[in-house]
Amino acid sequence: MDAGLEQWTDFNVAMLGATAALAGLVIVAASVNIREIITSGTLTPRLAAGISALVLALIVSGMALVPEIDPVWFGGLIIFATAVAGAFQLNATRVIARDPATEDRARVAKSVAGFLPIAAYLAAGVLLVVGQPGGLIMAAAGALLAIVSAILISWIVLVEVLR
C-alpha cells in the first residue's frame with residue numbers, strides 16, 4: 001500500500017463500518033414505508049441517490065484498504081465509482097426539476113446536498129490520478145459528506161412520506 005494511503009487505514013476502516021451500518025439503517029427505515037415511497041414520483045430517486053452516496057463511500061473506503069493499491073489506479077476507480085453514483089444524483093435532480101409541486105428555490109436546495117459528496121469524490125479521483133496527495137483529503141471529505149448528505153436526504157424522504 002502507498003505510504004500516503006497507509007496513514008489513512010484507521011479512517012477508512014471506520015468509514016467502511018459507519019457507512020455500511022448507516023446504509024443498512026436507511027434501507028430498513030425506508031422498507032417500513034416502501035409502498036408510499038415507491039408510489040411517490042420524487043421520493044424513490046432521491047432515496048436511491050442518498051443510498052448511492054453511501055455505497056460510493058463504502059466502495060472508496062474499501063478500495064483504500066486494498067494492499068499496495070497504486071494511487072493512480074485508486075484515483076481512476078474513484079472517478080468511475082463517482083460517475084455511477086453521480087448518475088443516480090442526476091436522475092434525482094431531473095425528477096425534482098420536473099416536479100410541479102416544488103418551488104424553484106426548493107428544487108436547488110433538494111439537489112445541492114446530493115452533489116456535495118459527488119463533487120468531493122470527483123476531485124479526489126482527479127487529484128490522485130495526477131499524483132497529488134491532496135486527493136486523499138478530498139476522499140475523506142467525500143466520505144463525511146456522503147454520510148451527512150445521506151442522513152439529510154433520508155430524513156427528508158421519510159418525513160415527506162408521513163405528510
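Keep in mind that this is a model prediction, so the values were computed, not measured. Heavy atoms only: backbone and side chains are in, while hydrogens, waters and symmetry mates are out.
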Heavy-atom pair with the smallest gap, counting every atom of A120 and A141: CB-C, 4.3 Å

Min side-chain heavy-atom separation I96-R46 under 4.5 Å: yes

Main-chain N/O of I37 paired with T44 side-chain donor or acceptor, under 3.5 Å: yes

same_hphob_cluster(L5, L77) at 4.5 Å side-chain heavy-atom cutoff: yes

Sidechain-backbone polar pair: S149 side chain, A146 backbone, donor-acceptor under 3.5 Å: no

By side chain to side chain contact (heavy atoms under 4.5 Å, CB included) - contacts of A150 (at least two apart): L54

hydrophobic_cluster_shared for M138 and M15, side chain cutoff 4.5 Å: no

Close side-chain approach of I59 and M63, heavy atoms under 4.5 Å: yes

Minimum-distance pair of heavy atoms, taken over all atoms of A18 and I147: CB-CD1, 4.4 Å

Closest heavy-atom pair and its distance - G75, L128: CA-CB, 3.7 Å

same_hphob_cluster(F88, I153) at 4.5 Å side-chain heavy-atom cutoff: no

Donor-acceptor contact present, side-chain D70 to main-chain W73, <3.5 Å: yes

ILVMFWY network linking W155 to L43, side-chain heavy atoms under 4.5 angstrom: no

Connected via hydrophobic side-chain network under 4.5 Å: I79 and L136: no

Where P45 and N91 come nearest, the two heavy atoms and their spacing: CB-ND2, 3.7 Å

Non-hydrogen atoms of A143 and A57 that approach each other most closely: CA-CB, 4.3 Å

Side chains of V66 and F74 in contact at under 4.5 Å (non-hydrogen atoms): no

Any V26 side-chain heavy atom under 4.5 Å of L47 side chain: yes

Side-chain donor/acceptor of T39 to backbone N/O of E36, under 3.5 Å: yes

E6 backbone acceptor or donor facing T9 side chain under 3.5 Å: yes

From S52 atom OG to L58 atom CG, the distance as rounded to the nearest 0.5 Å: 11.5 Å

Qualifying residue, where the test is side chain to side chain contact (heavy atoms under 4.5 Å, CB included) with Y121 and the options are L116, V126, T82: T82

N12 side chain vs W8 backbone, donor-acceptor pair below 3.5 Å: yes

Least distance between heavy atoms, P117 atom then G142 atom: CB-O, 3.8 Å

